[in-house]
Amino acid sequence: PRACALVILGLAWVASTTRDRDHALHEAVRCFEQAAQIFKVDKEPDWWCETRLHLAHAWLDMPTGDRFRNVEQALGARRLTELGWTRYGAPERGASVQNALGHAWERLPADDRGPTLEKAITCFSAALGVRTREDHPAHWARLQNNLGNAWIQLPAGDHRQNVERGIACHQGALEIWSKLGRRQEWGATQSNLGNAWALLPGEKPEREKNMRRAIACYRSALEVRTKANHPVEFASTMNNLGTALLHLPVTGRGSSVKEAIECFESALEVRTKAAFPVDWAKTQSNLGLAWSRLPGDKQEHLTESVACYDAALDVFTEQTHPGNHKHVIARRMKAKDQLSALG
């Protein structure tokens, strides 16, 4: 009974709407780890496996700490889950574990993302061999969404073909979510489809058309991903919408740039430096780029731009985030050179 109660408490922490997501997930991990020590795989195989699967999900969603270690913890828990269900006569549960393993491989930080993403694609594809569209439409749609995310990130092979595969996966998932009336999943997939359209390569006219498709997807996602109900997802989608708007041609008074600035500022209401330092810094950098492109009083706008880059560099130090640091430094230098040219 105590172990079951710990699992239920852990799930309550996971579902908690508190703004301190890190604390909630650490409490969930503590509950699941305690329960995992109590259940015996030969006596309660389902509870033993389910607890480790919940533990893996919590580690994977952890917003702070060593990202590589968090994902490694998730992979370890999921491998144990797969072994447990295979050994104790529940092979049909393998599809769920393959999906979970795919998630972990997709999120594993690595210098060479190709091999880990290929493993993720293999896991998701294996799960789709069991979770068919006809027999398991919701599971199928969720797997299509996951597979689409992996395809659009894959650096190996034909980039355009990979992204087109991802688009097809997300579009298939959207058909199911619409039929089932699953608005939250529909909104998440709209956001992912927006990411795919934004990444699809093409010449200038086609590129602008694809970016407008991405913008339309993000706007659709925001119908569901509201700040009140889904603040973290709202901020992520707002940040992506702002980035897509910056890829449109700047015309007249720069209405698309102004809207991008509004998007980034809305995202920063959720992505605070204290709660989400890396996301906060990324959005500050994006906001700096937007200010640098805004027509009008260039002296004022470039000064705002430099201030945003300076803020981002508080987090993106050369020691902790060398790649991001170099990127922001280059943007900041360009803005300062433009300021100097103004006299």
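With salt bridges taken as basic N to acidic carboxylate O contacts below 4.0 Å, none links E175 and K179. Under a 4.0 Å N-O distance rule, the pair K209/E206 does not qualify as a salt bridge. One finds a salt bridge joining R160 and E164 here, because a Lys/Arg side-chain nitrogen approaches an Asp/Glu carboxylate oxygen to under 4.0 Å.
Looking at every heavy atom in both residues, F264 comes nearest to A290 through CE1-CB, 4.0 Å. Closest non-hydrogen pair, A173 versus A141, comes out as CB-O, 3.4 Å. The shortest non-hydrogen separation linking A267 to T283 is CB-CG2, 4.1 Å. Nearest heavy atoms, G252 versus P295: O-CG, 4.0 Å. The heavy-atom pair separating E106 from A120 by the smallest distance is N-CB, 3.8 Å. Taking every heavy atom of both residues into account, F39 and C4 meet most closely at CZ-N, 3.8 Å.
In this structure, CE on M238 lies 9.5 Å from NZ on K227, to the nearest 0.5 angstrom. The CG atom of N146 sits 3.5 Å away from atom NE2 of H103, with the distance rounded to the nearest 0.5 Å. Interatomic distance, L313 CG to E318 CD, rounded to the nearest 0.5 Å: 10.5 Å. In this structure, CG in L339 is found 8.0 Å from OG in S305, a value given to the nearest 0.5 Å. For the atom pair R213 CZ and I167 CD1, the distance stands at 8.0 Å (nearest 0.5 Å). In this structure, OG in S236 is found 7.0 Å from CG in N195, a value given to the nearest 0.5 Å.
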- Begin from the C-alpha positions of K282 and N239 and carry the test side chain to side chain contact (heavy atoms under 4.5 Å, CB included) through to its verdict. CA-CA 9 Å; K282 288 178 179 178; N239 180 73; 5.6 Å; no
- Item | Audit row: V29, M62, side chain to side chain contact (heavy atoms under 4.5 Å, CB included) steps and yes/no | CA-CA 10 Å; V29 164; M62 197 73 71; 3.8 Å; yes
- Task: Show the numbers, then the answer: is there a side chain to side chain contact (heavy atoms under 4.5 Å, CB included) between H159 and I152?
- Result: CA-CA 8 Å; H159 177 57; I152 68 174; over 6 Å; no
- Message: side chain to side chain contact (heavy atoms under 4.5 Å, CB included) for F234 and L222? Distances and angles first, verdict last.
- Response: CA-CA 7 Å; F234 164 85; L222 287 167; 3.8 Å; yes
- Do R212 and E208 pass the salt bridge (Lys or Arg N to Asp or Glu O under 4.0 Å) test, and can you show the C-alpha distance, the side-chain angles, and the key distance before you say yes or no? CA-CA 6 Å; R212 292 189 184 279; E208 182 181 340; 3.0 Å; yes
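Using a 3.5 Å distance cut-off with no hydrogens or angles, the side chains of N210 and R207 do not pair a donor with an acceptor. Side-chain N/O atoms of D22 and H26 include a donor and acceptor closer than 3.5 Å.
The side chain to side chain contact (heavy atoms under 4.5 Å, CB included) search around R183 returns W186, E223, V224, not counting sequence neighbours. Under the ring-ring contact (aromatic ring centres under 6.0 Å, His included) criterion, Y309 pairs with no residue, sequence neighbours left out.
Considering M333, R332, Q338 as possible partners of V306, the one that fulfils the side-chain contact (heavy atoms from CB on, under 4.5 Å) test is R332. Applying the side-chain contact (heavy atoms from CB on, under 4.5 Å) test between L117 and each of N162, L154, N149, T122 identifies L154 as the sole match.
Under the 30°/60° scheme for interplanar angles, the aromatic rings of W291 and H301 are found to be tilted.
Counting Ile, Leu, Val, Met, Phe, Trp and Tyr side chains that sit under 4.5 Å apart, directly or through other members, L6 shares a hydrophobic cluster with I38.
Hydrophobic clustering (ILVMFWY, side-chain heavy atoms < 4.5 Å, transitive): W151 and L143 are in one cluster. If you chain together hydrophobic residues whose side chains sit under 4.5 Å apart, I176 and F124 fall into the same group.
No side-chain heavy atom of E304 sits less than 4.5 Å from a side-chain heavy atom of L294. Taking 4.5 Å as the limit, some side-chain heavy atom of S292 sits within range of a side-chain heavy atom of L302. Under the 4.5 Å side-chain criterion, counting only non-hydrogen atoms from C-beta, L128 is in contact with W140. Side-chain contact between H321 and V278 is present, with heavy atoms from C-beta onward closer than 4.5 Å. In this structure, W197 and V163 have side chains that are not in contact, with every pair of non-hydrogen atoms separated by 4.5 Å or more. With a 4.5 Å cut-off on side-chain heavy atoms, Q284 and K273 do not count as touching. Within the 4.5 Å cutoff, the side chain of R225 has heavy atoms near those of the S191 side chain. Looking only at side-chain heavy atoms (C-beta outward), V7 and E50 stay at 4.5 Å or farther from each other.
The 12-atom threshold is exceeded at NZ of K298, counting heavy atoms of other residues, nucleotides or ligands nearer than 6.0 Å.
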